Amino acid sequence: MARVYNFSAGPSMLPEPVLKRAADEMLEYSTSGQSVMEMSHRSKEYQAIIDQTEADLRELMNIPDNYTVLFLQGGASTQFAMVPFNLMNKNHKADYIITGQWAKKAYKEAARYGNARVVASSEDKTFSYIPKITRDMIDPEADYVHICMNNTIYGTLWHELPDTGDVPLVADISSCILSEPIDVSRFGLLYAGAQKNVAPAGVTIVIIRNDLLGHAMEITPTMLNYQTHADNGSMFNTPPCYTIYIAGLVLKWLKEMGGLTVMQQKNREKAALLYQYLDESKLFRGTVVKEDRSLMNVPFVTGNDELDAKFVAAAKAAGFVNIKGHRSVGGMRASIYNAMPLEGVQKLVAFMKQFEEENL
Ligand SMILES: *Cc1c(COP(=O)(O)O)cnc(C)c1O
C-alpha cells in the first residue's frame, strides 16, 4: 500500500489514526455486534456517539452554553438558503461581503428571499485580498452580515473579523473549522460542511446563538428550519450517522493532540514553510496578498500555463495529488488542512525546489 499526499481542496485527507480506528471498528463497534453504519440512530450506542461528538466539539471550540450545535445534511450550500430563511426575518435585509465564489453563491441565494446587499467585494482583483470593512459600511438595520471566513478557492482568510456592531455576524467556516481557535461568541451563526477538516462529506455543522432560533420565515420548509433540528437533537430524521461518528474520531484525534492551539501551531508551521518558499522562488509565486493568506489553501502559479500543467503532472507522478488550481484561478493550489502532516509539506517544497532547478 502506498498512500499519496493528497492536497485536494475537499473532500480531503483524514488523519491516518482516524482511518485505522474506523477500520478496526468496521465490523464491530465496541461490543455492539455491529458496524456504526448498520446501527439504529435511535439506539443507546448511537446516542452516546452523537452526544460525545457534540461534547468534544463544544470543548475544542469552546462553544458557549447559549449556542446550539446542529448536525445537518445538504452541505454548506444548503446553508446559503437556510441562513436567510431563518435569520432574514426582522427587516428582511442582510449584508454580504463577497470574497470568492462561495460568498457570492451565498449572496445570490439570499437575494432570492429578501433584500441582500453587497457591502464590498474583492472580485476586481480575482478575490486575491479581503476588503477592509469599517462599521459605517454595515447597515445597522441588516438582520445579519455574512462572510466566508476562509476562501477555499482563492486562498484568503479573514485574520481579523469585521466590526458589525450589534448586527449578528454569520460565517461560512467550511474550510477553516478546527484549524485554529476562534471566538464563537463573536458570531450569531457559524456553519461548515465537513469534508475539508472534519469528516467525509455528508454532515454540515451549524453553531447558532439561541436567540436566533425560532424566527424562521413562514414559508420555511420544515427541514430547513433550524428550530426543527434544535428541538430534536439533530434527529428529526435520520442524521448522517456514520459521518458524525468519523467526525467524533477526528475530534478525539484533535483532543489527544492538545486541541486547537496546538493544531494552529502546526498549521502555521506548515503554511509558513510553503509561503516562505513561494516568496523566495524565482519560478513560483503565491497569488494572494501577504496579509490575507490562508493557512489552509495555498494557490500559486508559475505564470506560464504550460509549465503549470507540467508541474501538476510531475507532482502527481511523484505522489502529490490534486494540486491543480481551481479552474477560475488556474495554476496550482495546495490545500494543507489539519490532516496534512508537516512531512507532506516538507516533501512538496523539496519537490518544488527540484522542479524549479530543472525548469528555470
Ligand atoms: C466546499 C465549500 C462549500 C461548499 O460545500 P458543500 O458542502 O459542497 O455544499 C461552501 N463554502 C466553502 C467555504 C467551501 O469551502
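Whatever order the structure lists ligands and atoms in, that order sets their numbers, starting from 1. Keep in mind that this is a model prediction, so the values were computed, not measured.
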### Task
Using a 4.0 Å heavy-atom threshold (strictly under), name the region of A201 that reaches ligand 1: side chain, backbone, both or neither.
neither

### Message
Please determine whether a side-chain nitrogen of the Lys or Arg among R58 and E54 lies less than 4.0 Å from a carboxylate oxygen of the Asp or Glu.
### Response
yes

### Query
Got an N/O contact under 3.5 Å between N150 and ligand 1?
no

### Query
Under a heavy-atom criterion of less than 4.0 Å, does G10 contact ligand 1?
no

### Message
If you take the centroid of each ring, where Trp contributes its six-membered ring, are F284 and F311 closer together than 6.0 Å?
### Response
yes

What side-chain donor-acceptor pairs closer than 3.5 Å can you find for residues 182-192, not counting sequence neighbours?
| from | atom 1 | to | atom 2 | distance (Å) |
| --- | --- | --- | --- | --- |
| D183 | OD1 | S185 | N | 3.1 |
| D183 | OD1 | S185 | OG | 2.6 |
| Y191 | OH | H146 | NE2 | 2.7 |

### Query
Which ligand 1 atoms does C148 reach within 4.0 Å, using its non-hydrogen atoms?
13 (C)

### Query
Of all the atoms in ligand 1, which lie at a distance below 4.0 Å from a heavy atom belonging to T152?
12 (C), 13 (C), 14 (C), 15 (O)

#### Entry: Heteroatom proximity flag, A76 to ligand 1, N/O under 3.5 Å
yes

### Task
Provide the number and element of each atom of ligand 1 under 4.0 Å from a heavy atom of S77.
4 (C), 6 (P), 9 (O)

#### Entry: W102 six-ring centre to K196 NZ/CZ under 6.0 Å and within 45° of normal
yes

#### Entry: Charged N-O contact under 4.0 Å between D279 and R285
no

### Query
Does Q195 have a non-hydrogen atom less than 4.0 Å from ligand 1?
yes

### Message
At less than 4.0 angstrom from any non-hydrogen atom of G75, what atoms of ligand 1 do you find?
### Response
7 (O), 9 (O)

### Message
Out of all atoms in ligand 1, which are within 4.0 Å of some heavy atom of S175? Include the element for each.
### Response
15 (O)

### Message
Closer than 4.0 angstrom, basic N to acidic O: yes or no for K90 and D143?
### Response
no

#### Entry: Nearest non-hydrogen protein atom, atom 11 (N) of ligand 1
D172 OD2, 2.6 Å

### Query
For ligand 1, is any non-hydrogen atom under 4.0 Å from K105's backbone (N, CA, C, O), its side chain (CB onward), both, or neither?
neither

### Top protein contact for atom 14 (C) of ligand 1, by heavy-atom distance
K196 NZ, 2.9 Å

### Task
Could you please spell out the steps behind the salt bridge (charged side-chain N to carboxylate O under 4.0 Å, His left out) verdict for D139 and R117?
CA-CA 9 Å; D139 179 354; R117 182 179 75 112; 5.0 Å; no

### Query
Do NZ/NE/NH1/NH2 and the carboxylate oxygens of E269 and K266 come within less than 4.0 Å?
no

### Query
Between K255 and D56, is there a side-chain N and carboxylate O pair less than 4.0 Å apart?
yes

